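Remember, it's a predicted structure, so these values are computed and weren't measured experimentally.
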Amino acid sequence: MKSNLHFDLLVVGGGVLGTFHAYHALNRGLRVALVERNQTPLGATVRNFGQIVPSGMNLKWQRYGRQSLEIYKSIQEKTDISVRQNGSIYLASDEEELQLIEELHTINQSNDYFSQLLTAEQCQAQYPALKSSYCKGGLFFPEEMSANPREMIRRVQTFLTRFSHFSHFPGTAIIRIDSSGEVCLAEDSSGNTYSAEKIIICSGSEFNLLYPELFAESHLEVVQLQMMRLAPQATVQIPGNILTGLSIRRYESFADCPSWKTVKAREDVGTFWKKWGIHILFKQEEDGSIILGDSHEYADVSERDTLDFDIKEEISRYFVEEAGKIFDLDNWQIQTQWMGMYSQGKSHDIYQKTLDNKVHIVTGIGGKGMTASPGFAEFHIQKIFSS
């Protein structure tokens with residue numbers, strides 16, 4: 001063995017969930033090591049829209065998301081992690097969607113989560129490129145944020161180096177963990193060993209490399225998303241997170257609305273957007289480019305290799321055609337396209353398993369990662385280190 005380093009906490013997985021577990025442990029004064037098998041995270045944390053939208057979640061996860069807003073804001077005040085508070089808006093395209101946003105607004109009032117109902121004219125004034133033929137009204141959440149997904153996590157990890165008791169090991173793959181002794185022992189692929197009082201594993205569905213038997217019975221599924229980036233716009237500005245009618249028909253927060261079941265029952269199950277799990281989102285980056293998407297395909301984690309990794313041109317065309325009905329953009333040139341992937345539970349909202357009261361596996365947070373991870377990680381660290 002080449003070395004034996006000791007920590008209070010070893011976090012395996014440098015995505016948003018693992019990184020914020022490390023952040024909250026550091027705030028408690030713990031000696032923390034963050035280990036990531038790639039030189040920089042390449043998974044779901046960097047392959048998403050960068051939308052931080054508690055408004056789309058059920059009440060339990062909305063609480064974590066709202067706490068995340070405060071955490072992001074606190075770090076952004078100390079260093080630029082690319083977070084911008086430009087709000088989120090849900091744009092209704094018909095009377096059913098208009099009814100749903102009105103009902104969600106009422107629910108938000110009872111949850112003490114501030115939102116504003118906007119008329120079609122007010123939406124048009126706020127977003128001049130919005131087509132009046134599409135919008136029937138909107139629901140705006142001014143507290144919500146967006147971030148550059150390819151920059152944010154790298155900048156947060158750089159911020160963590162300000163803590164003298166933080167160690168970062170990028171490009172390091174943990175291949176073995178032993179929690180049977182007084183402390184946990186971990187070994188990486190280069191033969192280095194690490195000992196820790198506790199280990200948290202946040203390595204997505206890849207925890208099967210360490211615990212294949214647990215992985216096999218985890219009831220996780222993999223979700224694959226397709227999205228694109230449009231070239232920078234010369235004059236059009238659409239700040240914040242733009243969620244449209246299909247998002248209203250998809251997001252779980254709307255499932256609490258009284259008319260939800262009726263609206264869903266009327267939908268045509270044979271539509272293209274239903275087949276590919278599509279809802280249209282816009283998020284403009286600081287350089288004027290626009291992230292547009294997305295679609296959803298599903299497979300059990302044991303069958304993740306059955307998902308086709310090719311970009312589907314028919315889905316890309318649909319994104320552009322539908323987006324063209326919503327906004328008047330200067331430039332529809334596709335700059336790049338990619339697939340994202342995350343894991344989620346089929347029967348639970350997050351996967352958690354504790355071994356020997358020392359190793360804590362937490363993964364399968366689904367599409368909630370960017371929004372809810374900071375808040376959830378704070379709760380989880382408190383729970384682990386208060387017991």
Verify the neighbour count for atom CD of Gln237: are there more than 12 heavy atoms of other residues, nucleotides or ligands below 6.0 Å? no
Let's go through Asp328 and Val236 carefully: what are the C-alpha distance in whole Å and the side-chain angles of both, what is the deciding distance for side chain to side chain contact (heavy atoms under 4.5 Å, CB included) to 0.1 Å, and is it a yes or a no? CA-CA 8 Å; Asp328 244 334; Val236 171; over 6 Å; no
Determine, step by step, whether Lys312 and Glu297 satisfy the salt bridge (charged side-chain N to carboxylate O under 4.0 Å, His left out) criterion, reporting the C-alpha distance in whole Å, the side-chain angles of both residues, the deciding distance to 0.1 Å, and the verdict. CA-CA 12 Å; Lys312 296 177 176 61; Glu297 299 176 67; 3.2 Å; yes
Taking all atoms of both residues into account, what is the closest heavy-atom pair of Leu118 and Gln126, and its distance? CD1-OE1, 3.7 Å
In terms of heavy-atom contacts, does CG of Asp112 have more than 12 from other residues, nucleotides or ligands at under 6.0 Å? no
Check the angle between the aromatic planes of Tyr23 and Phe159 and answer parallel, tilted or perpendicular using the 30° and 60° thresholds. tilted
Does the side chain to side chain contact (heavy atoms under 4.5 Å, CB included) test come out yes or no for His279 and Asp294, once each step is laid out? CA-CA 6 Å; His279 65 134; Asp294 57 0; 3.2 Å; yes
Within the side chain of Glu252, is there an N or O that forms a donor-acceptor pair under 3.5 Å with the backbone of Met57? no
Indicate whether any N or O donor in one side chain lies under 3.5 Å from an N or O acceptor in the other, for Glu97 and Ser93. yes
Could you walk me through whether Lys60 and Asp349 pass salt bridge (charged side-chain N to carboxylate O under 4.0 Å, His left out), step by step? CA-CA 10 Å; Lys60 170 186 173 180; Asp349 54 9; 2.8 Å; yes
Can you tell me how far apart CG (Asp80) and OG1 (Thr158) are? Round to the nearest 0.5 Å. 11.5 Å
Quiz question: by atom type and distance under 3.5 Å, do the side chains of Ser115 and His105 form a donor-acceptor pair? yes
In terms of heavy-atom contacts, does CD of Glu213 have more than 12 from other residues, nucleotides or ligands at under 6.0 Å? no
Specify the closest pair of heavy atoms between Ser289 and Arg229, including all atoms of both residues, with the distance to one decimal. OG-CD, 3.3 Å
Listed by chain and number, what are the side chain to side chain contact (heavy atoms under 4.5 Å, CB included) partners of Val46, not counting sequence neighbours? Ile153
Tell me, do Val359 and Thr354 make a side-chain contact under 4.5 Å, heavy atoms counted? no
Please report whether the ring centroid of Tyr351 lies less than 6.0 Å from that of Phe215. no
Just checking, any donor-acceptor pair under 3.5 angstrom between side chains of Thr235 and Asp330? yes
Just so I know, are the side chains of Tyr211 and Ile361 near enough to count as touching, which here means a heavy-atom distance under 4.5 Å? yes
Thr106 side chain vs Leu104 backbone, donor-acceptor pair below 3.5 Å: no
Look up atom CD1 in Ile384 and atom NZ in Lys358, then write down how far apart they are to the nearest 0.5 Å. 13.5 Å
Tyr194 and Asp188 side chains, donor-acceptor separation under 3.5 Å: yes
Do the non-hydrogen side-chain atoms of Ser167 and Leu5 ever get within less than 4.5 Å of each other? no
4.5 Å side-chain heavy-atom contact, His24 and Gln382: no
Any side-chain donor near an acceptor of the partner, Gln99 and Glu103, under 3.5 Å: yes
Shortest non-hydrogen separation from Cys184 to Ser179 and the atoms involved: SG-CB, 4.1 Å
Nearest 0.5 Å, what's the NZ-CG distance between Lys368 and Leu17? 10.5 Å
Lys/Arg-Asp/Glu bridge criterion (N-O < 4.0 Å) met for Asp8, Lys198: no
The complete set of salt bridge (Lys or Arg N to Asp or Glu O under 4.0 Å) pairs with one or both residues in residues 157-183, sequence neighbours excluded, reads Arg176-Glu187
Could you check whether any side-chain heavy atom of Ile201 comes within less than 4.5 Å of a side-chain heavy atom of Thr363, counting everything from C-beta outward? no
Nearest non-hydrogen partners of Gln124 and Lys131, listed with the distance: OE1-C, 4.0 Å
Any heavy-atom pair between the side chains of Thr45 and Pro149 that's under 4.5 Å? no
Going by side chain to side chain contact (heavy atoms under 4.5 Å, CB included), name the residues that satisfy it together with Pro142, two or more places apart in sequence or in a different chain. Phe114, Gln116, Phe140
Roughly how far, to the nearest 0.5 Å, is CD1 of Ile381 from CG of Leu30? 7.5 Å
Parallel, tilted or perpendicular, as decided by the 30° and 60° cut-offs, for the rings of Tyr64 and Phe379: tilted
Which heavy-atom pair separates Pro232 from Asp287 by the least distance, and what is that distance? CB-O, 3.2 Å
Polar side chain donor-acceptor pair, His219 to His348, under 3.5 angstrom: no
Strictly by modelled atom types, are Gln62 and Asn58 linked by a side-chain donor-acceptor pair under 3.5 Å? no
Strictly under 6.0 Å, is that where the ring centroids of Phe376 and Phe20 end up? no
Assess, by modelled atom type and distance only, whether the side chains of Glu36 and His168 contain a donor and an acceptor separated by less than 3.5 Å. no
May I ask you to test the Tyr90-Thr244 pair for a side-chain heavy-atom distance under 4.5 Å? no
Parallel, tilted or perpendicular for Tyr298 and His296, by the 30°/60° rule? parallel
Please test Met152 against Met370 for side chain to side chain contact (heavy atoms under 4.5 Å, CB included), starting from the C-alpha separation and ending with a verdict. CA-CA 10 Å; Met152 188 276 291; Met370 183 67 79; 3.3 Å; yes
Quick one: pull up CD1 in Ile248 and CH2 in Trp260 and give me the separation to the nearest 0.5 Å. 10.0 Å
I'd like to check the side chain to side chain contact (heavy atoms under 4.5 Å, CB included) partners of Glu95; sequence neighbours left out, ordered by chain and number. Leu98
Going by atom type alone, with no hydrogens or angles, which donor-acceptor pairs under 3.5 Å involve a side-chain atom of residues 315-323 and a protein atom two or more places apart or on another chain?
unit_1, atom_1, unit_2, atom_2, d
Ser316, OG, Gln226, NE2, 3.0
Ser316, OG, Gln337, OE1, 2.4
Glu322, OE2, Lys325, NZ, 2.8

With a 4.5 Å cut-off on side-chain heavy atoms, are Glu102 and Leu117 touching? yes
Separation of Ser343 OG from Ile350 CD1 (nearest 0.5 Å): 9.5 Å
Using 4.0 Å as the upper bound for N to carboxylate O, is an ion pair formed by Arg28 and Glu378? no
Run the side chain to side chain donor-acceptor pair (under 3.5 Å) test on Lys78 and Ser74 for me, step by step, so that the C-alpha distance in whole Å, both residues' side-chain angles and the decisive distance to 0.1 Å come before the verdict. CA-CA 7 Å; Lys78 299 178 179 70; Ser74 173; 3.1 Å; yes
Shortest non-hydrogen contact from Arg249 to Lys264? O-NZ, 2.5 Å
Suppose the criterion is side-chain hydrogen bond (donor to acceptor under 3.5 Å, both in side chains): which pairs have a residue in residues 139-152, not counting sequence neighbours? Ser55-Glu144, Ser88-Glu144, Tyr113-Glu144, Glu151-Arg154, Glu151-Arg155
